[in-house]
Amino acid sequence: MRIFRIVLIIFVIMWRIAPGSSAFSSILTEDVAKTYLGKPYVSRPLAKSSPLGFDCTTYVEEVLAKRFENPDMALNNIRFGNGGAGFFNRNHFMEKMWIPNAQRHGVIAPINLSGAMESLIEIDLAEWYRVNPEIVIKDDAYYQQANEQERFTASISYIPKALINEALLKELPDETLVFFLRRYAKSPYRWLLNENAVMVKHMGFLFGGRNLYHASQTQKKVIAEDFSKYLRTNSGFCGAAFYKIN
């Protein structure tokens, strides 16, 4: 009986701190997102020499993690894949790494919307690591680990820009994570793309189908603005993918 009680106590403790929906606090995502408005934008915030600040991804990660009872553990699980922290374990690619990982941890869930299209990309991951500008000084150990990476294919379901209207936005949950997609034919990183391939290039929070909170590269800070206006005035984006925040 004593052993059973010990096992039960351990189970309850792990259940409380696990990065799933049971570990969420009652705070709203928008309330957390507002506290970061005005914080500086930094292009590579996780690089050792970078000043304090956020890019679009780290801003989203920080806000999502703050909604958990154990933010540090949540941030680690959202940002990194299996195997712990480190540059090679970070979820760099949204389609293949970040989004599936967030879904496994119960942080986000897909939304079924009419008119969705599927994008398929192929990425030479070894080449991407070899030329990545975040790691300025690359030693033999780095190149060895980079060369071990394999090419992969990834896909994402997205809504073409022409179909994103007021009616569609009204279908979205009040708290939504949005990924903006851009069309690519060439890339300095030598990604191997299929014809007319699109891939995620920006992300942020969409509240009430209208208010977009994101770390803006052009404004150089975290801002809130009208989503429809932002999508309309940024001609480079060809669509967006929407995910429910659990």
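Values in this document were obtained by computation on a predicted structure and should not be read as measured data. Counting begins at 1 with the first residue of the sequence.
Ring-centre distance between F179 and Y158: not below the 6.0 Å cut-off. Taking the centre of each ring, Y213 and Y59 stay at or above the 6.0 Å mark.
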* To do: Report the C-alpha distance between L206 and L169 in whole Å, list the side-chain angles of each, state the deciding distance to 0.1 Å, and finish with yes or no for side chain to side chain contact (heavy atoms under 4.5 Å, CB included).
  => CA-CA 10 Å; L206 179 59; L169 295 177; 4.2 Å; yes
* To do: Give the intermediate values and the outcome of side chain to side chain contact (heavy atoms under 4.5 Å, CB included) for residues E61 and F54.
  => CA-CA 10 Å; E61 292 172 339; F54 301 95; over 6 Å; no
* Asked: Do D226 and R210 pass the side chain to side chain contact (heavy atoms under 4.5 Å, CB included) test, and can you show the C-alpha distance, the side-chain angles, and the key distance before you say yes or no?
  -> CA-CA 6 Å; D226 182 79; R210 182 176 300 275; 3.5 Å; yes
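Across all their heavy atoms, E30 and N211 have their closest contact at OE2-ND2, 4.4 Å. A pairwise comparison of heavy atoms in P160 and G115 identifies CD-O, 3.4 Å as the closest pair. The two atoms that bring I159 and S114 nearest to each other are CD1-O, 3.9 Å, heavy atoms only. Smallest separation of non-hydrogen atoms from A85 and N76: CB-OD1, 4.0 Å. Closest heavy-atom contact between P45 and T58: CG-OG1, 3.5 Å. Considering every non-hydrogen atom in both V32 and R67, the closest pair reads CG2-CG, 4.3 Å.
Remark: the backbone N or O of Y143 is paired with a side-chain donor or acceptor of N147 at under 3.5 angstrom. Within the 3.5 Å criterion, the main-chain N or O of Y129 finds a donor-acceptor partner in the side chain of Y142. At distances below 3.5 Å, at least one donor-acceptor pair connects side-chain atoms of K138 with backbone N or O atoms of N132. At distances below 3.5 Å, at least one donor-acceptor pair connects side-chain atoms of N91 with backbone N or O atoms of I78. Side-chain N or O atoms of E175 include one that pairs as donor or acceptor with a backbone N or O of T29 at under 3.5 Å. Under the 3.5 Å distance criterion, the side-chain polar atoms of Q149 are matched with a main-chain donor or acceptor of Q145. Using modelled atom types, no side-chain atom of K244 and backbone atom of P173 make a donor-acceptor pair closer than 3.5 Å. The backbone N or O of K229 lies less than 3.5 Å from a partner atom in the side chain of T233, making a donor-acceptor pair. D174 places no side-chain N or O within 3.5 Å of a backbone atom of G208 that could act as its donor or acceptor partner. Checking side-chain atoms of N101 against main-chain N and O of G81 turns up no donor-acceptor pair under 3.5 Å.
Distance check: D31 CG to F207 CZ gives 8.5 Å after rounding to the nearest 0.5 Å. Between the NZ atom in K161 and the CZ atom in F180 there is a gap of 10.0 Å [rounded to 0.5 Å]. Rounded to the nearest 0.5 Å, atoms CG (D124) and CZ (R130) are 6.0 Å apart. Rounding to the nearest 0.5 angstrom, the gap separating the OG atom in S157 from the CG atom in N112 is 8.0 Å. Separation of atoms OG (S155) and CD (E95) is listed at 8.5 Å; rounding is to 0.5 Å. The distance from atom CZ of F80 to atom CH2 of W98, rounded to the nearest 0.5 Å, is 13.0 Å.
We find that R44 and D55 are not joined by a salt bridge, their nearest charged nitrogen and carboxylate oxygen being 4.0 Å or further apart. Taking the charged nitrogens against the carboxylate oxygens, R90 and E134 do have a contact shorter than 4.0 Å, which makes a salt bridge.
Placement of L172 and I156 in two distinct hydrophobic clusters is found when ILVMFWY residues are connected by side-chain heavy-atom separations under 4.5 Å, directly or transitively. No continuous path of ILVMFWY side-chain contacts below 4.5 Å connects L75 to V60, so the two sit in separate hydrophobic clusters. Put simply, Y243 and F68 are part of the same group of oily side chains (I, L, V, M, F, W, Y) that touch within less than 4.5 Å, one to the next. Linking ILVMFWY side-chain heavy atoms closer than 4.5 Å, directly or via other members, places F237 and Y41 in two distinct hydrophobic clusters. Hydrophobic clustering (side-chain heavy atoms under 4.5 Å, transitive across Ile, Leu, Val, Met, Phe, Trp, Tyr) groups M203 together with V222.
A side-chain hydrogen bond (donor to acceptor under 3.5 Å, both in side chains) with H202 is found for exactly one of H214, Q217, R182, namely H214.
Side-chain contact between F93 and I121: absent, with no pair of heavy atoms (C-beta onward) separated by less than 4.5 Å. At a threshold of 4.5 Å between non-hydrogen side-chain atoms, the residues K201 and R183 do not count as touching. Here the side chains of L52 and V42 are not in contact, with every heavy-atom distance at 4.5 Å or above. With a 4.5 Å cut-off on side-chain heavy atoms, R79 and L46 count as touching. Side-chain contact between E148 and F88 is absent, with no heavy-atom pair separated by less than 4.5 Å. Here the side chains of L212 and F205 are not in contact, with every heavy-atom distance at 4.5 Å or above.
No more than 12 heavy atoms of other residues, nucleotides or ligands lie within 6.0 Å of NZ in K39, so this atom counts as exposed by the packing criterion. Atom CG of N165 has more than 12 heavy atoms from other residues, nucleotides or ligands within 6.0 Å. Open room surrounds CD on Q144; 12 or fewer heavy atoms of other groups in view lie less than 6.0 Å from it.
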